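Notes follow once the structure below has been shown.
Each chain gets a letter, A, B and so on, in the order its sequence line appears, and its residues count up from 1. Keep in mind the model is a prediction, meaning the values are calculated, not measured.
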Amino acid sequence: ETGVTQTPRHLVMGMTNKKSLKCEQHLGHNAMYWYKQSAKKPLELMFVYNFKEQTENNSVPSRFSPECPNSSHLFLHLHTLQPEDSALYLCASSQDQASGGRDTQYFGPGTRLTVL
Amino acid sequence: AQKVTQAQTEISVVEKEDVTLDCVYETRDTTYYLFWYKQPPSGELVFLIRRNSFDEQNEISGRYSWNFQKSTSSFNFTITASQVVDSAVYFCALSEALSQGNLIFGKGTKLSVKP
């Protein structure tokens, strides 16, 4: 595997379900990101981890819970979601979040989430 | 405050036409980075280019070229002799040195290239 991978690619869940999204990067990076992309909205940054430490939580509701066990893996745990949470969830990685903005973020293919 | 504006929501061209995608940014930082990404229907954002604020030299990569002008706060992207495979949503993004690398994206321009 190369680059950034995400599983599953598609997910349909009910509002009472609990599910998890997985992201893995094979680039040797130290920073990982979760973004949400809704229809007709700009990409919204949700969470950032740098060297396994959470450095950014962009006022995300607690029904989204991130986990970063190591620099290569990032999870997004989902529970009691709402239909408006349906979106494309993108994971990205970069060398180091604290590089002063110069590091390029590389994205995975995303998970298309539908909440019924 | 930082902001990226892509005024063109959708553009439709015929194959082999040249097309320019506009990007205007706002920042108070003197050190910043500008990016272009391509998002094909599959969903993945594909990195195309990064430019830092101290390098205004235009860049060409095959059929792609970028025009960075600090005087107008613009970082426009031109595709020469467009092809159907260029059909995608293109995003311009800004990262400031003081923002801990967080990317601010424009709303994207959807490019449709028809045969």
Side-chain angles (χ1 to χ4, degrees), chain A residues 2-11 23 25 27 29-51 53-59 87-113, chain B residues 1-10 23-55 59 61 66 75 88-110:
Chain A
T2 57
V4 181
T5 58
Q6 290 186 242
T7 54
R9 294 293 309 277
H10 300 272
L11 179 62
C23 174
Q25 58 94 2
L27 300 169
H29 290 165
N30 297 297
M32 297 189 78
Y33 309 76
W34 278 118
Y35 287 86
K36 176 183 178 182
Q37 186 178 29
S38 306
K40 301 187 189 299
K41 276 186 159 184
L43 277 97
E44 302 171 72
L45 179 66
M46 300 175 72
F47 301 104
V48 183
Y49 280 80
N50 202 39
F51 292 90
E53 298 296 321
Q54 187 179 124
T55 56
E56 189 98 12
N57 178 336
N58 205 16
S59 302
L88 180 67
Y89 288 84
L90 289 159
C91 174
S93 72
S94 70
Q95 186 60 49
D96 183 348
Q97 188 203 11
S99 66
R102 69 172 179 272
D103 286 346
T104 298
Q105 291 183 28
Y106 294 90
F107 286 79
T111 295
R112 176 74 60 186
L113 174 67
Chain B
Q2 63 272 35
K3 185 179 177 182
V4 175
T5 302
Q6 294 179 256
Q8 305 148 307
T9 306
E10 292 192 41
C23 174
V24 174
Y25 61 92
E26 294 177 30
T27 178
R28 281 183 271 188
D29 207 341
T30 55
T31 302
Y32 53 90
Y33 302 84
L34 295 163
F35 302 80
W36 275 96
Y37 287 87
K38 173 183 179 181
Q39 187 176 39
S42 58
E44 179 177 357
L45 266 76
V46 178
F47 166 69
L48 296 178
I49 190 172
R50 180 187 71 198
R51 228 355 157 220
N52 74 59
S53 53
F54 299 108
D55 182 2
E59 180 151 342
S61 176
W66 291 270
F75 186 42
V89 181
Y90 290 86
F91 291 93
C92 181
L94 165 71
S95 173
E96 297 172 322
L98 296 177
S99 69
Q100 294 204 343
N102 293 345
L103 278 175
I104 305 299
F105 284 89
K107 292 186 177 181
T109 297
K110 182 177 181 181

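- Between Tyr33(A) and Leu103(B) the shortest side-chain heavy-atom distance does not fall below 4.5 Å.
- Using a 4.5 Å cut-off between heavy atoms, Tyr37(B) contacts chain A through its side chain alone, with no backbone atom that close.
- Contact check for Gln37(A) versus Phe105(B): no side-chain heavy atoms found under the 4.5 Å cut-off.
- The part of Glu56(A) that comes within reach of chain B is its side chain, from C-beta onward, which places non-hydrogen atoms under 4.5 angstrom from that chain.
- The residue among Pro109(A), Pro42(A), Ala31(A) with the most heavy atom pairs within less than 4.5 Å of chain B is Pro109(A).
- Contact of Arg112(A) with chain B is not made at all, since no heavy-atom distance falls under 4.5 Å.
- Across all their heavy atoms, Phe35(B) and Asp103(A) have their closest contact at CZ-O, 4.2 Å.
- The structure places CD of Gln105(A) at 11.5 Å from CZ of Arg50(B), a figure rounded to the nearest 0.5 Å.
- There is no contact between Gln6(B) and chain A, counting heavy-atom distances below 4.5 Å.
- With values rounded to the nearest 0.5 angstrom, Leu45(B) atom CG is found 6.0 Å from Leu43(A) atom CG.
- Around atom NZ of Lys110(B), no more than 12 heavy atoms belonging to other residues, nucleotides or ligands sit under 6.0 Å away.
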